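Data block below; observations after.
Worth saying up front: this structure is predicted, and the values here are computed from it rather than measured.
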Amino acid sequence: MEGIRGDDPTDGAITLISSYRLRPEADRSEFIEWARNVDIPVSRALPGVHRFEMYIVTRDDSKPEYSVIEIFELEAEDSLEKGSGSSLTARDWEQFADPSSVRNVFCRRID
């Protein structure tokens, strides 16, 4: 398909959009502070991660609603599996986030 970035199967460039809810008891400001100081720097430093951005949701018309959106630009779909730094933040992340709410979408940008 023409016009899709990375449409060559050997070109691993891919975007991961991950969304999840914070636990009802999680303190949103503590999560933001932890994300800024720990999760974002660790995620950006992982091998195979070209770009990482995190967004706190201010309005969501979907059901169920999501609290956080993360966007990774990855070298390949399995890039995060190769990164050891992600396990460093996983336990802390679960204090804030509801793991059962995670939705991951792997996609390629259309140019």
Side-chain angles (χ1 to χ4, degrees):
M1 263 193 261
E2 250 181 78
I4 298 179
R5 185 170 154 248
D7 51 332
D8 176 349
T10 61
D11 175 5
I14 193 126
T15 299
L16 164 62
I17 301 171
S18 182
S19 55
Y20 53 89
R21 290 185 300 276
L22 294 178
R23 294 179 182 275
E25 68 275 13
D27 183 298
R28 199 172 167 108
S29 354
E30 285 180 19
F31 170 77
I32 292 169
E33 182 178 336
W34 171 80
R36 283 183 177 143
N37 295 316
V38 178
D39 194 35
I40 294 171
V42 168
S43 296
R44 287 180 176 162
L46 291 172
V49 174
H50 297 298
R51 182 176 63 93
F52 173 74
E53 296 177 346
M54 181 184 287
Y55 298 88
I56 196 84
V57 175
T58 58
R59 177 181 168 185
D60 186 349
D61 295 335
S62 67
K63 300 291 182 230
E65 296 182 354
Y66 290 95
S67 309
V68 179
I69 308 289
E70 298 179 348
I71 301 174
F72 290 85
E73 187 174 306
L74 304 171
E75 188 173 300
E77 274 191 32
D78 64 350
S79 292
L80 292 179
E81 295 166 15
K82 298 176 191 172
S84 60
S86 57
S87 63
L88 299 173
T89 61
R91 193 175 0 179
D92 290 339
W93 177 84
E94 287 188 12
Q95 293 177 13
F96 296 108
D98 172 7
S100 69
S101 71
V102 175
R103 180 170 182 235
N104 290 324
V105 178
F106 291 88
C107 49
R108 295 182 195 269
R109 186 176 75 217
I110 299 173
D111 290 328

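Ser67 and Arg21 get closest at one heavy-atom pair: OG-CA, 3.4 Å. Shown here for Pro41 and Val38, the closest heavy-atom pair between the two residues is CD-O, 3.3 Å. Closest heavy-atom contact between Ala76 and Ile14: C-CG2, 3.7 Å. When all heavy atoms of Glu70 and Phe52 are compared, the closest pair comes out as CB-CE1, 3.8 Å. Contact between Asp98 and Arg23 at its shortest, heavy atoms only, is N-CG, 3.9 Å.
Looking at heavy atoms from C-beta onward, Val105 lies out of side-chain contact with Leu16 at the 4.5 angstrom threshold. With a 4.5 Å cut-off on side-chain heavy atoms, Arg108 and Thr15 do not count as touching.
Alongside Tyr55, the hydrophobic cluster contains Ile17, Val57, Ile69, Ile71 (criterion: ILVMFWY side chains under 4.5 Å). Grouped with Tyr66 in a hydrophobic cluster is no other residue, since no side-chain heavy-atom contact under 4.5 Å to another Ile, Leu, Val, Met, Phe, Trp or Tyr is found.
In this structure, Arg44 CZ and Asp39 CG are separated by 10.0 Å, a value rounded to the nearest 0.5 Å. To the nearest 0.5 Å, the span separating CZ on Phe96 from CG on Asp27 amounts to 7.5 Å. Between Phe72 atom CZ and Ser43 atom OG the span is 4.5 Å, to the nearest 0.5 Å.
For CD of Glu33, the number of neighbouring non-hydrogen atoms (other residues, nucleotides, ligands) closer than 6.0 Å is 12 at most. Within 6.0 Å of atom CZ in Arg36, 12 or fewer heavy atoms from other residues, nucleotides or ligands are found, so the atom counts as exposed in its surroundings.
With sequence neighbours excluded, the residues forming a side-chain hydrogen bond (donor to acceptor under 3.5 Å, both in side chains) with Asp61 are Arg59, listed by chain and number.
Remark: the backbone N or O of Ser19 is not paired with any side-chain donor or acceptor of Arg103 at under 3.5 angstrom.
Each of Tyr20, Phe31, Trp34 was scored for a ring-ring contact (aromatic ring centres under 6.0 Å, His included) with Trp93, with one residue passing: Tyr20.
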